[in-house]
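Take a look at the structure below.
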Amino acid sequence: MAGILFIISAPSGSGKSTIVNQLRSLVSGLDFSVSWTTRGPRGSEVDSREYHFTTRERFEEMIRNGEFLEYAEVFGNYYGTARSTLQDAFSRGRDLLLDIDVQGASQVRAKAPEAVSIFLMPPSPEILAYRLRNRSRAEGSIQEEIIRRRLAKARQEIENYQEYGYILVNDILDRAVEEMAAIVAAERIRRNGNPEGNPPDRERLLGIAEACRQANSQNRIQPVLKAFGV
Ligand code: ADP
Ligand code: 5GP
């Protein structure tokens, strides 16, 4: 059986990496796609763990060779998902999570309409700015220009939220992680009838995931949209 393709997109600094890292220890059978990028490693990032770091020339050669399922230019650098990453995960019977931007997500949805897409929102621009500054400080220096650009980009990205099946607001971290795990479990139950057997908290997981569907999360989304002026 083909694996399930999960996509998560979020404005930079929303807490996506933090949530995805926690998800790794909670969910089995799920691979985390390692993208290719032309940006340099940040903080403690290691080649082939967070990203496959490469040159612009090599990336453009991969584009010409049709090696990417999707790619996009984000903040002046290329980022892309290799087709081989999907083939590798699915041939081993695993599901795959792509952490990609809104342009990449739209390319994947066009090629794989059955993909499950999740958009993660920060609670407000003020909290996003605070998180971006904290992260920059932890990595050595705060560059206000970069933070300003990322906030402006966040608003544009949030405008695309309607393209996504599920919406999460990363206010309380534990809750957002629990919601992500519930979405993965619910989609597995829905599509595969849950081959691992019914989890004891099946109804609770289905309920949490259902509440995160875009149509059911308007009460949570509206204040965020208003705060970002969307
Ligand atoms: P992203 O991967 O979306 O760019 P990160 O996961 O690097 O974002 O998170 C940005 C910063 O916000 C980090 O310093 C992280 O520790 C912090 N953070 C993430 N989620 C929360 C949360 N729910 N509450 C408070 N801080 C958070
Ligand atoms: P960062 O530089 O902060 O790691 O990532 C910047 C943005 O690039 C994030 O929105 C992230 O989701 C996106 N991104 C990371 N990998 C890919 C990819 O393979 N394809 C696309 N389209 N976007 C990616």
Side-chain angles (χ1 to χ4, degrees), residues 1-12 14 16-17 19-20 23 29-39 50-52 54 56 58-121 150 152-168 179-180 183-184 186-192 209-210 212-218 221 225 228 230:
M1 191 181 301
I4 306 175
L5 194 54
F6 293 93
I7 302 170
I8 181 167
S9 302
S12 179
S14 305
K16 193 174 34 167
S17 315
I19 290 170
V20 166
L23 198 67
L30 182 64
D31 275 6
F32 296 80
S33 169
V34 178
S35 296
W36 290 78
T37 184
T38 58
R39 86 148 162 78
E50 281 81 9
Y51 284 104
H52 299 292
T54 191
R56 231 179 147 80
R58 171 81 183 106
F59 198 102
E60 286 173 350
E61 188 185 325
M62 290 175 75
I63 297 174
R64 283 194 297 277
N65 293 343
E67 291 180 52
F68 289 113
L69 171 73
E70 63 76 33
Y71 69 92
E73 200 154 358
V74 186
F75 303 122
N77 282 300
Y78 281 127
Y79 292 81
T81 308
R83 291 179 192 281
S84 58
T85 306
L86 265 84
Q87 286 152 5
D88 181 47
F90 293 166
S91 69
R92 288 183 295 110
R94 297 175 67 87
D95 298 329
L96 184 67
L97 176 68
L98 308 182
D99 163 352
I100 58 180
D101 84 321
V102 294
Q103 309 167 69
S106 136
Q107 294 174 43
V108 174
R109 266 192 299 267
K111 290 177 186 162
E114 72 289 356
V116 179
S117 61
I118 303 151
F119 191 84
L120 178 74
M121 291 186 182
R150 294 203 164 200
K153 181 94 194 301
R155 186 180 177 282
Q156 286 171 15
E157 288 172 327
I158 289 172
E159 282 173 357
N160 294 284
Y161 82 95
Q162 283 166 322
E163 312 288 320
Y164 291 75
Y166 292 98
I167 313 285
L168 305 185
E179 288 171 341
M180 267 301 286
I183 292 168
V184 172
E187 289 291 338
R188 285 177 170 171
I189 292 168
R190 200 164 71 76
R191 293 168 189 231
N192 303 339
E210 195 57 30
C212 296
R213 280 191 194 280
Q214 192 199 129
N216 300 333
S217 38
Q218 290 301 320
I221 302 172
L225 297 181
F228 276 93
V230 172

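Side chains included, hydrogens not; waters and symmetry mates left out as well; all remaining heavy atoms used.
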In Å, rounded to the nearest 0.5 Å, how long is the span from [atom1] of [X] to [atom2] of [Y]?
X: I158; Y: L225; atom1: CD1; atom2: CG; answer: 7.5 Å
X: Q107; Y: D101; atom1: CD; atom2: CG; answer: 8.0 Å
X: T85; Y: F32; atom1: OG1; atom2: CZ; answer: 14.0 Å
X: E157; Y: R150; atom1: CD; atom2: CZ; answer: 9.5 Å
X: L86; Y: S33; atom1: CG; atom2: OG; answer: 7.0 Å
X: E70; Y: Y79; atom1: CD; atom2: OH; answer: 12.0 Å

Side-chain heavy atoms of [X] within contact of [Y], under 4.5 Å:
X: P11; Y: F119; answer: yes
X: R191; Y: V116; answer: yes
X: S117; Y: R109; answer: yes
X: L97; Y: L23; answer: yes
X: K153; Y: V102; answer: no
X: I183; Y: L168; answer: yes
X: S35; Y: D99; answer: no

If every non-hydrogen atom of [X] is compared with every non-hydrogen atom of [Y], which pair is closest and at what distance?
X: W36; Y: A82; result: NE1-CB, 3.7 Å
X: I118; Y: M180; result: CD1-SD, 3.8 Å
X: L120; Y: I8; result: CB-CD1, 4.4 Å
X: T81; Y: I100; result: OG1-CG2, 3.7 Å
X: D95; Y: F6; result: CB-CE1, 4.1 Å
X: R92; Y: D31; result: NH2-OD2, 2.6 Å

Backbone of [Y] reached by a side-chain donor or acceptor of [X] within 3.5 Å:
X: Q214; Y: Y164; result: yes
X: S14; Y: M121; result: no
X: R94; Y: A89; result: no
X: R39; Y: V74; result: no

Show, in sequence, the C-alpha distance, side-chain angles and deciding distance for L30 and R188, and conclude whether the side chain to side chain contact (heavy atoms under 4.5 Å, CB included) test is met.
CA-CA 11 Å; L30 182 64; R188 285 177 170 171; 3.8 Å; yes
Side chains of E60 and Y78: donor-acceptor distance under 3.5 Å anywhere?
yes
Given E61 and R64, is the salt bridge (charged side-chain N to carboxylate O under 4.0 Å, His left out) satisfied, shown in steps?
CA-CA 5 Å; E61 188 185 325; R64 283 194 297 277; 5.2 Å; no
Check against salt bridge (charged side-chain N to carboxylate O under 4.0 Å, His left out), R56 and E73
CA-CA 11 Å; R56 231 179 147 80; E73 200 154 358; 3.0 Å; yes
Evaluate the ring planes of F59 and Y71, with Trp represented by its six-membered ring, and classify them as parallel (under 30°), tilted (30 to 60°) or perpendicular (over 60°).
perpendicular
